[in-house]
Undergrad: 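Below are the structure tokens for one structure; questions will follow.
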Amino acid sequence: MKHDRSRTLYDRALSVMPGGVNSAVRAAIEPYPFFVRKGDGGHVIDADDNRYVDWVMGLGPLLLGHDMPEQVRAAIQRKASEGPMYGAPTEVEVDLAEFVTRHVPSVEKIRFVNSGTEATVSAVRLARGHTGRNKIVVMQGGYHGAQESTLVEGDAENPQPSSAGVPQSFAEHTLPVPFNDGEAMEAVFAEHGDDIAAVLTEPILGNYGIVHPQEGYHEFLREITREHGSLLIFDEVITGFRVGGLGCAQGRFDITPDLTTFGKVVGGGFPVGAVGGRAEIMEDLTPAGDVFQAGTFSGHPVTMAAGLETLRYAAEHDVYDHVDRLGEQLRGGLSDIVADQAPEYTVAGTGSMFKVIFTRDGAEPTCAADVKRAETDRWRRIFWEAMLEEKVFLSQNQFECQFVSAAHTEDDVERTLEAYKEAL
Ligand SMILES: *Cc1c(COP(=O)(O)O)cnc(C)c1O
């Protein structure tokens, strides 16, 4: 397979962009990433005209794949041609807010922003402002974007910045605990209960896994936060409008968080984030309340139109049935292959999310530390490359999950299973 043009582009990029990319994970591929020329249904075509089955799907946003249905394309083009944005409110923001509040019962009011990171920044500030408390409990290996309050590792006794540039004194307000560990959570609340503004968690760890909640874990989180007057924040930036259909993962698990962050799918492939929740809490955001929040591009008309028409299309067609069915076929086929060829590995996922984790450790992973023990170098340096040779594009490291879109077909699934058989 030729990659001459990608190689030349990466050479140019290295001169003008740190690491040659605009988001770190894209450079995980060695010796250099392929550059995409365009998408086509469930496939991408690179700068050298190689075509791959694409299970990355923009790392989550592309529920419908690369070909926008006519109603989505038309709405985007209309908005773009009317002038991109105004610094004044527009009807389409209200339409999308109404759509989300109608389908996600915990969300009575919503504020749109421009990325998942901005959504979690706003949610954390809102939780602190609302409760008058400082500390945030997060899950080890959870991901909430590139922001100061969550780029923290270690444990609740000894939280440390996970990135240069984050002061230790900031990290002290963030308490990481292992996912699915009720005792660790109880200990943190026993020690810091009066100063915990919120527990912030992905309902399913999608950036370090996939790791699923054990039976009763979310109910336990709901209970312990309520008991201590802390908020429960579900970060549904990945799972929102993907797992559990239009009701999101919280609908699937039947849990009512106080606040929810959204991103990815809700913008239909354009830059987006949102924080939503109980009206009484949301009203603390400026200008209704005194927790400052603002954004030049927030509620961008093109993004709002893309998100609204994508979700309307999903509501009116069998999108979720289709992606969940293909997801199940993939996981089923992968389970057979893994049992046969690599019984020490694990197939994880639900709905349209899937991943093969290169470890088993006796059972399915229950926390990020289990996934961390996986053969991450083999995954990235040997396996990923072998899959690319088979013309299948998987997420760039062991940790990020992969996504089925409405544009994928049973043929894509079969080709992909054949490729895994070759590469594993
Ligand atoms: C992707 C992601 C984010 C960050 O969103 P960006 O749009 O990349 O800033 C936050 N939380 C979760 C769970 C995510 O998957």
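Atom set for the values below is all heavy atoms of this structure, side chains included, hydrogens, waters and symmetry mates excluded. Note that ligands are numbered from 1 as they come in the structure, with each ligand's atoms numbered from 1 the same way.
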Undergrad: Do I255 and L232 have side chains that approach each other closer than 4.5 Å (heavy atoms only, starting at C-beta)?
TA: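 I255 reaches L232 side chain to side chain.
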Undergrad: Let me confirm one number: the CD1-CZ distance from I357 to F399, rounded to the nearest 0.5 Å.
TA: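 The CD1 atom of I357 sits 10.0 Å away from the CZ atom of F399.
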Undergrad: Under 3.5 Å, which donor-acceptor pairs do the side chains of residues 200-212 form with other protein atoms, sequence neighbours left out?
TA:
{"from": "E202", "atom 1": "OE1", "to": "G206", "atom 2": "N", "distance (Å)": "3.0"}
{"from": "E202", "atom 1": "OE1", "to": "N207", "atom 2": "ND2", "distance (Å)": "3.1"}
{"from": "E202", "atom 1": "OE2", "to": "Y143", "atom 2": "N", "distance (Å)": "2.9"}
{"from": "H212", "atom 1": "NE2", "to": "G349", "atom 2": "N", "distance (Å)": "3.2"}
{"from": "H212", "atom 1": "NE2", "to": "G349", "atom 2": "O", "distance (Å)": "3.4"}

Undergrad: Which atom pairs, one a donor and one an acceptor, fall under 3.5 Å between side chains of residues 259-273 and the rest of the protein, sequence neighbours left out?
TA:
{"from": "T260", "atom 1": "OG1", "to": "Q250", "atom 2": "NE2", "distance (Å)": "3.0"}
{"from": "T261", "atom 1": "OG1", "to": "D235", "atom 2": "OD1", "distance (Å)": "3.0"}

Undergrad: Tell me, which residues have any heavy atom less than 4.0 Å from some atom of ligand 1?
TA: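 S115, G116, T117, Y143, H144, G145, E202, N207, D235, V237, I238, K264.
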Undergrad: Which residue pairs pass the salt bridge (charged side-chain N to carboxylate O under 4.0 Å, His left out) test when at least one of the two sits in residues 367-382, sequence neighbours left out?
TA: E30-R380, E30-R381, D361-R373, D370-R373, E375-R378, D377-R380
Undergrad: Does some side-chain heavy atom of V56 sit less than 4.5 Å from a side-chain heavy atom of F403?
TA: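 No - every pair of side-chain heavy atoms lies 4.5 Å or more apart.
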